[in-house]
Amino acid sequence: TKSVKGVDGWFPLQPIVKDDEVQGDLEVEVKLAKKGSNMVLRVQIRQARGLAAKDARGTSDPFVKFVFRGQTYKTEVVKKTLFPKWFQDFTIPLSSPLTDNDMVDFIVWDWDRVSQNDFLGQSR
């Protein structure tokens, strides 16, 4: 579990359920910043490496969803890769100060056009 007060680096993906097939790491940066007179949470989803192949041709179409204070955010889908690069930035206005209970949960998914998206792992 990481505090949202500031993290930067690679984090191993973990299963939600014991039998989930999960491998790989996610690189993110989460930090507090000042925007004018207000505080914001800046989240950058950078990249992942060594993800599990969920598609028939031995790749995945990964994207990342994360939740902060009940709000869900999502990256673009990167097609046909186990080493996606997003470098997507999210700036989240803070209406109240951060507490120790404020967590960011990152979940990596394999996008599927015709069936349910496949879980690739999570990092908290």
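- Once rounded to the nearest 0.5 Å, the distance linking CG of Leu26 with CD1 of Ile107 reads 11.5 Å.
- If you take CZ on Arg49 and NZ on Lys85, they are separated by 10.0 Å, rounding to the nearest 0.5 Å.
- Side-chain atoms of Leu13 and Leu51, non-hydrogen and from C-beta on, do get closer than 4.5 Å to each other.
- Of the possible polar contacts, one joining the Asn117 side chain to the Asp112 backbone as a donor-acceptor pair under 3.5 Å is found.
- Note: Phe63 CZ to Asp110 CG = 8.5 Å, rounded to the nearest 0.5 Å.
- When every heavy atom of Phe119 is checked against every heavy atom of Gln14, the shortest pair comes out as CZ-O, 3.7 Å.
- Of all the heavy atoms in Asp61 and Val77, the pair that sits closest is O-CG1, 3.6 Å.
- Looking at every heavy atom in both residues, Gln23 comes nearest to Gly50 through CG-O, 3.2 Å.
- No side-chain donor-acceptor contact under 3.5 Å links Thr59 to the backbone of Lys79.
- In summary, the aromatic rings of Phe106 and Phe11 are positioned with their centroids too far apart to meet the 6.0 Å limit.
- Atom CD of Glu29 is surrounded by more than 12 heavy atoms from other residues, nucleotides or ligands within 6.0 Å.
- Closest approach of Pro12 to Asp25, counting heavy atoms only: CA-OD1, 3.2 Å.
- Cluster membership check: Val104 shares its hydrophobic cluster with Leu32, using side-chain heavy-atom separations under 4.5 Å among Ile, Leu, Val, Met, Phe, Trp and Tyr.
- No side-chain heavy atom of Lys31 sits under 4.5 Å from any side-chain heavy atom of Asp8.
- Nearest heavy atom pair, residue Pro15 against residue Gln122, reads O-NE2, 3.9 Å.
- Side-chain contact check for Lys54 versus Glu21: some heavy-atom pair is nearer than 4.5 Å.
- Ser60 contributes no side-chain N or O that, together with a main-chain N or O of Pro62, makes up a donor-acceptor pair within less than 3.5 Å.
- Atom-to-atom distance recorded for Trp86:CH2 and Arg46:CZ is 13.5 Å, nearest 0.5 angstrom.
- No continuous path of hydrophobic side-chain contacts links Trp10 to Val43 [ILVMFWY only; heavy atoms under 4.5 Å].
- Using cut-offs of 30° and 60° for the angle between ring planes, the Tyr73 and Phe90 rings count as perpendicular.
- Cluster annotation: Val78 and Phe87 are assigned to distinct hydrophobic clusters (Ile/Leu/Val/Met/Phe/Trp/Tyr, side-chain heavy-atom contacts under 4.5 Å, transitive).
- The structure places CZ of Phe66 at 9.5 Å from CD of Gln71, a figure rounded to the nearest 0.5 Å.
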(message) Before you tell me yes or no, could you show the steps for Arg69 and Asp102 under salt bridge (Lys or Arg N to Asp or Glu O under 4.0 Å), namely the whole-Å CA-CA distance, both residues' side-chain angles and the distance that decides it to 0.1 Å?
(response) CA-CA 7 Å; Arg69 290 185 174 174; Asp102 285 321; 2.8 Å; yes
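- In this structure a side-chain-to-backbone donor-acceptor pair under 3.5 Å is present from Gln88 to Glu76.
- When all heavy atoms of Phe68 and Met103 are compared, the pair lying nearest together is CD1-O, 3.7 Å.
- Under the 4.5 Å side-chain heavy-atom criterion for Ile, Leu, Val, Met, Phe, Trp and Tyr, Leu98 and Met39 are members of the same hydrophobic cluster.
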